[in-house]
There are 2 protein chains.
Amino acid sequence: MNRYPNQTRILVATDCIIFGFDGEELKLLLIKRHFEPEIGKWSLMGGFLKEEEDLEAGAKRILNDLTGLSNIYVEQLGAFGKVDRDPAERTLSVAFFALINIHDHDQEAVRAHNAHWISLKNKPALIFDHDDMVSLALEHLRYNAALHPIGFELLPEAFTIPQLQKLYEAIYDMQLDRRNFSRKILSTGLLIDTGSKNMSAPTKKAIMYCLDKEKYQRKFYAFWNFMPGQGK
Amino acid sequence: MNRYPNQTRILVATDCIIFGFDGEELKLLLIKRHFEPEIGKWSLMGGFLKEEEDLEAGAKRILNDLTGLSNIYVEQLGAFGKVDRDPAERTLSVAFFALINIHDHDQEAVRAHNAHWISLKNKPALIFDHDDMVSLALEHLRYNAALHPIGFELLPEAFTIPQLQKLYEAIYDMQLDRRNFSRKILSTGLLIDTGSKNMSAPTKKAIMYCLDKEKYQRKFYAFWNFMPGQGK
DNA sequence: TCAAAATGTGTCTATTCCACACAATTAAAT
DNA sequence: ATTTAATTGTGTGGAATAGACACATTTTGA
């Protein structure tokens with residue numbers, strides 16, 4: 001029952017752009033390849049899609065292989081389909097964008113894959129079109145972190161406002177006014193005071209908050225001000 | 001030189017979600033299939049990717065086939081890769097989002113493909129996962145039309161503010177205050193007065209504007225107000 | 001007990017949002 | 001010619017928000 005006999009079939013892979021945040025800098029989880037092809041060079045974590053595997057399932061399998069985590073925040077970034085993007089054989093790659101808490105993964109699995117957390121500012125050149133994928137992912141992160149709760153996926157469940165501010169400053173590579181940032185964030189009503197404080201701080205202990213995810217979903221379009229009565 | 005001997009190769013297709021605007025309603029260009037499989041049912045325009053064809057080039061070829069147009073606004077929407085999305089054989093489809101001026105296409109080519117402009121509100125059920133593609137495309141349109149110049153792709157080069165307002169009202173399915181809309185649009189500085197007026201109107205002739213595309217690019221992030229000093 | 005570092009909250013001004021009103025233009029009807 | 005109906009362009013004022021900036025509080029260590 002092959003209705004499409006004369007068409008070309010090609011390899012389909014997925015590659016994952018994995019962001020983390022160490023409290024100071026935005027980092028990428030990259031592989032120093034100790035296998036062919038392109039052995040010795042840096043690349044994103046990736047793999048081929050299996051015969052009976054959905055696309056998203058393939059991405060989650062690859063992320064689980066590398067990090068040991070199964071509840072990672074993943075979004076599809078898009079398909080990369082240039083004819084010669086892989087010199088060995090035509091391969092269409094669907095890139096996935098993942099955000100993880102950098103302190104919360106299987107270090108042993110990461111070592112086994114020869115993977116390393118590399119600061120975005122020190123990113124080496126990557127194989128194939130992986131540099132393009134990273135550029136697009138960063139753009140996507142900057143574009144969406146201001147509008148949607150995705151930035152919070154890079155932080156622990158509970159966090160302080162100064163930590164959140166440092167994350168935003170890292171994502172957008174710019175300094176923010178502490179007082180205006182705090183007021184603006186709190187005025188959204190999206191943060192819930194957990195009642196505890198950040199005891200690991202050397203000076204004044206900051207209040208720890210968590211995200212009101214349900215409320216964030218309801219406010220999905222609140223940013224957009226062409227339509228009256230939609231905000232806040 | 002086949003380095004990936006044991007991997008599955010699958011069919012790759014592209015499907016196009018084509019929006020148009022007739023001055024009143026948002027419409028989709030859909031195919032009533034007069035070919036197998038799923039003959040007689042409605043679907044998006046699509047086709048298989050050729051052996052030596054880039055992904056975006058495949059989408060543009062398919063769009064050109066249907067409309068005769070070659071300078072269409074096209075964006076990749078994403079890959080759809082569920083195992084059983086095509087019951088005949090596994091096919092990964094990359095969906096493309098296209099906006100065209102509804103009065104500006106090759107009517108003969110459209111007829112030859114048995115394609116029809118259907119109002120979004122009367123959209124029939126489509127084959128495979130094409131309904132999901134349309135839903136995602138509409139969400140994408142609503143999400144982006146407020147932030148980027150893509151809405152203008154649905155209008156003629158020159159347009160009036162009331163026409164633009166009707167477009168926004170159709171996209172978001174809501175009524176807008178004429179005076180606030182006009183002031184807000186003009187305050188962006190993105191519209192250029194062409195000097196002429198809409199002579200086909202029955203009453204007062206509205207001023208015709210065109211979009212300052214270069215300025216829009218510079219203001220790409222102007223919508224976003226978490227970072228100070230970025231707006232306007 | 002004081003200094004240093006970090007956090008929480010407040011104030012003022014300029015700008016923007018938005019509900020709402022009025023004047024001007026055009027063609028058709030009288 | 002005048003009126004009428006439909007449509008377009010512009011204005012106003014109060015409420016909310018953005019953004020520059022100041023001060024008080026908490027905590028540790030000298």
Side-chain angles (χ1 to χ4, degrees), chain A residues 23-24 146-147 155-156 158-170 172 174-210 219 221-232, chain B residues 23-24 146-147 155-156 158-170 172 174-210 219 221-232:
Chain A
E24 294 294 331
L147 311 175
L155 294 176
F159 50 85
T160 69
I161 289 182
Q163 282 168 358
L164 185 61
Q165 181 176 340
K166 282 204 167 166
L167 171 61
Y168 275 82
E169 289 179 335
Y172 299 100
M174 89 195 300
Q175 296 300 114
L176 298 175
D177 183 275
R178 198 168 54 78
R179 300 154 290 190
N180 291 335
F181 181 82
S182 173
R183 184 159 30 75
K184 201 176 270 192
I185 283 284
L186 287 174
S187 76
T188 62
L190 295 174
L191 298 193
I192 300 170
D193 187 336
T194 64
S196 56
K197 298 198 170 188
N198 177 23
M199 300 314 285
S200 66
T203 61
K204 181 170 181 178
K205 274 65 172 136
I207 298 169
M208 303 206 70
Y209 293 90
C210 64
K219 293 190 176 193
Y221 288 104
F223 68 94
W224 155 58
N225 67 357
F226 260 93
M227 301 292 137
Q230 299 291 304
K232 281 292 139 49
Chain B
E24 294 294 333
L147 310 175
L155 294 175
F159 50 86
T160 69
I161 288 182
Q163 283 167 357
L164 185 60
Q165 181 176 340
K166 283 206 164 165
L167 172 61
Y168 275 81
E169 289 178 334
Y172 299 99
M174 89 196 298
Q175 295 300 113
L176 297 174
D177 183 276
R178 199 169 54 80
R179 299 153 290 189
N180 291 336
F181 181 83
S182 172
R183 184 161 24 75
K184 202 176 268 189
I185 282 284
L186 286 174
S187 76
T188 64
L190 295 174
L191 298 193
I192 300 169
D193 187 335
T194 63
S196 56
K197 298 197 170 188
N198 176 22
M199 298 316 283
S200 66
T203 61
K204 182 170 180 179
K205 274 68 171 128
I207 298 168
M208 303 206 71
Y209 293 91
C210 63
K219 292 192 176 190
Y221 287 103
F223 67 94
W224 156 58
N225 66 356
F226 261 93
M227 300 293 139
Q230 299 291 303
K232 284 289 140 51

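Chain letters run A, B, ... following the sequence lines, proteins first and then strands; every chain starts at 1. Values below: every heavy atom of this structure, side chains too, minus hydrogens, waters and symmetry copies.
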### Donor-acceptor pair present, B:Arg178 side chain and D:dG9 base, under 3.5 Å
yes

### Task
Round to a whole Å and report the spacing from CG of A:Asn198 to P of C:dG8.
10 Å

### Query
Taking for each residue the nucleotide of DNA chain D bearing the nearest heavy atom, is the 5' side occupied by B:Met208 or by A:Lys204?
B:Met208

### Summary
Sequence neighbours excluded, the answer for salt bridge (charged side-chain N to carboxylate O under 4.0 Å, His left out) partners of A:Lys205 is none

#### Entry: Distance in angstrom units between B:Leu186 CG and D:dT8 P, rounded
14 Å

### Heavy-atom side-chain proximity of A:Glu169 to A:Gln165 below 4.5 angstrom
yes

### Query
Starting at the 5' end of DNA chain D, which residue's closest nucleotide do you reach first, B:Asn180 or B:Thr160?
B:Thr160

### Task
In whole angstrom, give the distance that lies between atom CD of A:Gln163 and atom P of C:dA6.
14 Å

Could you list the protein-to-nucleotides 28-30 of chain D atom pairs, N/O on both sides, closer than 3.5 Å?
| from | atom 1 | to | atom 2 | distance (Å) |
| --- | --- | --- | --- | --- |
| D:dT28 | O4' | A:Pro202 | O | 3.2 |

### Summary
Result for 5'-nearest mapping on DNA chain C, choosing between A:Ile207 and A:Arg183, is A:Ile207

### Message
At 4.0 Å (heavy atoms only), tell me whether B:Ile161 reaches a base, stays on the sugar-phosphate, or touches nothing.
### Response
nothing

### Summary
Among the nucleotides C:dC18, D:dG9, D:dC21, whichever has the atom closest to the side chain of B:Pro162 is D:dG9

### Message
Rounding to an integer number of Å, can you tell me how far B:Phe159 CZ sits from D:dT8 P?
### Response
15 Å

Please report, to 0.1 Å, the donor-acceptor pairs under 3.5 Å made by any side chain of residues 189-199 of chain B, with sequence neighbours excluded.
| from | atom 1 | to | atom 2 | distance (Å) |
| --- | --- | --- | --- | --- |
| B:Asp193 | OD1 | B:Gly195 | N | 2.7 |
| B:Thr194 | OG1 | B:Ser196 | N | 3.4 |
| B:Thr194 | OG1 | B:Ser196 | OG | 3.1 |
| B:Thr194 | OG1 | B:Met208 | O | 2.7 |
| B:Asn198 | OD1 | B:Ser200 | N | 3.4 |
| B:Asn198 | OD1 | B:Ser200 | OG | 2.8 |

## Note on the structure
Residues at least two apart in sequence or cross-chain that pass salt bridge (charged side-chain N to carboxylate O under 4.0 Å, His left out) with B:Arg178, listed by chain then number, are none

#### Entry: Residue list, side-chain contact (heavy atoms from CB on, under 4.5 Å) with A:Ala206, at least two apart or on another chain
A:Thr160, A:Pro162

### Query
For B:Tyr209, which residues count as a ring-ring contact (aromatic ring centres under 6.0 Å, His included) partner, sequence neighbours excluded?
none

